2 protein chains.
Amino acid sequence: MTKAPTVYDVAADAGVSIATVSRVLRRPEDVRASTRERVMDSVRDLGYVPSGSARGLAARRTGALGLYFPGFDAMDDMGELSDLLADASPSYSFVDDVGAAPESHQFNLYFDEVLRGAELEAWRRGFALTVAVGRGGLAADAARDMAGRVDGLLVLAQSVPDAALEQLARRIPIVVLASAAHSGAFDSVTVSNHEGMHALTAHVIDDLGIRDIAYVAGPLDSPDDNDRWAGFESALLERGMDPGRVRLRRGEFTRASGRLAGAYLLASDAMPKAVICANDQMGLGVLDALNEAGIRVPQEVVVTGFDGIEAANLSSPRLTTVHQPMELVGRAAIQLMQRRLDDPEAEPASIRLPVKVLLRESSEGS
Amino acid sequence: MTKAPTVYDVAADAGVSIATVSRVLRRPEDVRASTRERVMDSVRDLGYVPSGSARGLAARRTGALGLYFPGFDAMDDMGELSDLLADASPSYSFVDDVGAAPESHQFNLYFDEVLRGAELEAWRRGFALTVAVGRGGLAADAARDMAGRVDGLLVLAQSVPDAALEQLARRIPIVVLASAAHSGAFDSVTVSNHEGMHALTAHVIDDLGIRDIAYVAGPLDSPDDNDRWAGFESALLERGMDPGRVRLRRGEFTRASGRLAGAYLLASDAMPKAVICANDQMGLGVLDALNEAGIRVPQEVVVTGFDGIEAANLSSPRLTTVHQPMELVGRAAIQLMQRRLDDPEAEPASIRLPVKVLLRESSEGS
DNA sequence: CTGAAAGCGCTAACAA
DNA sequence: TTGTTAGCGCTTTCAG
């Protein structure tokens, strides 16, 4: 790390001007082959690495896109680095984990997959991807900082205050994920929550012939939850059923709250023939409660989830669910961003991605 | 997106010099309160967002760290954006998923968790995190591009050719993840693969009293696999057992290859009393094979994995395994980076993180 | 095809 | 405490 070589060093070494060095790197075909090779040799010899900052400043584009998410749960603090370096801790330990059943936070999975899709698509288009996860009340600041270093920002719905978002939008393009709310102002990507739940509900009623249904909803302030309920509701209404008479439990989108909901239903006079849950975690929780009570799924009760997380595929019975293409959400968002970067004047567009109803053992059983 | 305001605009609006604007943003306490407020008002009014590039260029630090990983599996191509915008596709579809059992790629999980840890720790220290996943042969180029835009680079072992890495190291600090190979030259973070496997093996032999053991290894070129085998081997040697006589199967770290290994063992004359696998995926595959054959685990055969992925916690029976703290790997790497940034002359350090042997139903059963 | 020169927007001495 | 003034390293006309 002596002193990073610059265009000047390369130019001097190759006996050309800095403009030529720049050209060789950006538009090689505009430079005579012999010159180009001379420059490339110098680049290699000196170990030249172009400064992203300088390039970004001069070209007025950073070549990076940003992905901003609201925060995860708080995490355990880890030991200080000094301890680790001192090798003070044992290199392994035993844990009696028999009977345990830790819960992974659903939000992480969502983030992971969206990120993966965004990263892939960004890479294919030659962008770097910078990620940030907001914590506490500094969302606006963090987002602003990020906005200063990227060419465009992908933001998960509700992770940044609206006012701040509009401010940022004056500087760089914004694409909002998982929210049609802003659809007038921003490009956005959503999934067919409503349609998916509607289709699943219709299947349960029409194909399985079940009309005695309980619904396990999520938090009131979740747009996803609202959309899903609306899809459920409309399916009932279309069939002349009264949504108001459905046994409704509200959970926190967690497995624990699903288990609670399941317990509640078990304690009631009669179990419904189907329990439709607003997400997989809660569906798995209901499954837990039912399994423990010895109720057979799906013979006695059908259970369904929503999201299509991996765990829903590993439960017994495997959980029927509606899969949302999280990875595609990330990819589509980048595509939208590219479009806007290419044509800043385009009308704000909204992509709604299709979902897949995955019929599995928790509803289709013998 | 009319025209992004700059320090000059803010300065003019607030009636101060650009230096003062800069100060208000960087070291607010060096500016008189009244002035500071005047500037802040202008910042707000104009919607000023500092340019990361300009800042990075002038300060010679970008405030970002990079995380570079080797590529995932190829991904399906998605429809073109135009199709999605045209809303040509149905908003949902049904899939008969009964009996299916898709496999998720273990590597993704690893990446996700390391990333999460790195992001958290970076954020706490005021760094942005830029991620890149290498594909194909362009690893060196991608890494170089990244190196130009960050203050330090975290690189997963073997994701970048050694020669390229050394070149980059002349420009910015490098921290290598999951490899002690480079330990002389770079800061690095590893986990106690050897010790973990050793401890697990010792448990099987000493506590469970099993000496008839089969081993399912991973690919030959995996450093992780080598370390784990070495741990296994040493445990045997210490007890006067001959590793050469162990039934050894080599898999691809995938569930499918584990299932194959299981089938092979089933077809042999006599099943061993324990099958120790070099990772969880293969352990789960072995479990699959045994379950299908009606062999009781752990009563007839004990099965163990390595990694501690979520799926190993959801299988039946739940898989005994050695958990590696992937999230901590990410966090520790950032801590090491910080240390080097603070003191470029420090000796290269290597952190080895402890693992946890998780004893679960696949080994501890009644 | 190549060179000269003018910035890009900000930070950091150094003065005042 | 605040202003002046150099650059930071690169891209990009515009000439030649």
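No experiment lies behind these values; they were computed from the predicted model shown. In what follows, every chain begins at residue 1, and chains take the letters A, B, ... in the order their sequences are listed.
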Mapping B:Arg32 and A:Pro50 to their closest nucleotides on DNA chain D, which lands nearer the 5' end? B:Arg32
Between C1' of D:dT12 and CG of A:Asp30, the distance in whole Å: 12 Å
Send over the distance from A:Arg23 CZ to D:dG9 P, rounded to a whole Å. 21 Å
With respect to the side chain of A:Tyr8, which nucleotide from C:dT11, D:dG9, D:dT12 is positioned closest? D:dG9
Write down the distance between CG (B:Leu57) and P (C:dG9), rounded to a whole number of angstrom. 12 Å
Tell me the interatomic distance from B:Arg60, atom CZ, to D:dC10, atom C1', rounded to whole angstroms. 14 Å
Give the nucleotide from the list C:dG9, C:dT2, D:dG9 with an atom nearest to the side chain of A:Ala58. D:dG9
Upstream residue (5' side of DNA chain C) when A:Ala54 and B:Leu25 are each assigned their closest nucleotide: A:Ala54
At under 4.0 Å, does any side-chain N or O of B:Ser22 touch on OP1 or OP2 of C:dT11? yes
At under 4.0 Å between heavy atoms, what does A:Val16 touch on the DNA or RNA strands: base, sugar-phosphate, or nothing? sugar-phosphate
Just compare D:dC10, C:dG3, C:dA12 and give me whichever is closest to any side-chain atom of A:Tyr48. D:dC10
Counting just side-chain N and O atoms, does B:Ser17 come under 4.0 Å of either OP1 or OP2 of D:dT4? no
How many Å lie between CZ on A:Arg27 and P on D:dT13, as a whole number? 9 Å
Just checking A:Ser51: base, sugar-phosphate only, or nothing, at a heavy-atom cut-off of under 4.0 Å? sugar-phosphate
Between the side chain of A:Asp151 and the main-chain N/O of A:Arg61, is any donor-acceptor distance below 3.5 Å? no
Under 4.0 Å between any heavy atoms, over every strand shown, what does A:Arg26 touch: base, sugar-phosphate, or nothing? Just pick one. sugar-phosphate
Phosphate OP1/OP2 of D:dT1 contacted by B:Thr35 side-chain N/O (<4.0 Å): no
Separation of D:dC8 atom C1' from B:Arg171 atom CZ, nearest Å, is 12 Å
Quick one: do the A:Ser188 and A:Ser350 side chains pair a donor with an acceptor below 3.5 Å? yes
Integer-rounded Å distance: C:dG7 C1' and B:Ile18 CD1: 14 Å
If we count only N and O atoms by modelled type, under 3.5 Å, do the side chains of A:Ser53 and B:Thr62 hold a donor and an acceptor together? no
Any idea which heavy atoms bring B:Asp112 and A:Arg116 closest together, and the distance? OD2-NH2, 2.6 Å
Taken to the nearest whole Å, CZ/B:Arg61 to C1'/D:dG9 is 17 Å
Passing candidate, side chain to side chain contact (heavy atoms under 4.5 Å, CB included) with A:Val7, options A:Val43, A:Leu25, A:Ile18: A:Ile18
Categorize B:Ser53 for me: base, sugar-phosphate, or nothing, with a 4.0 angstrom heavy-atom threshold over every strand shown. nothing
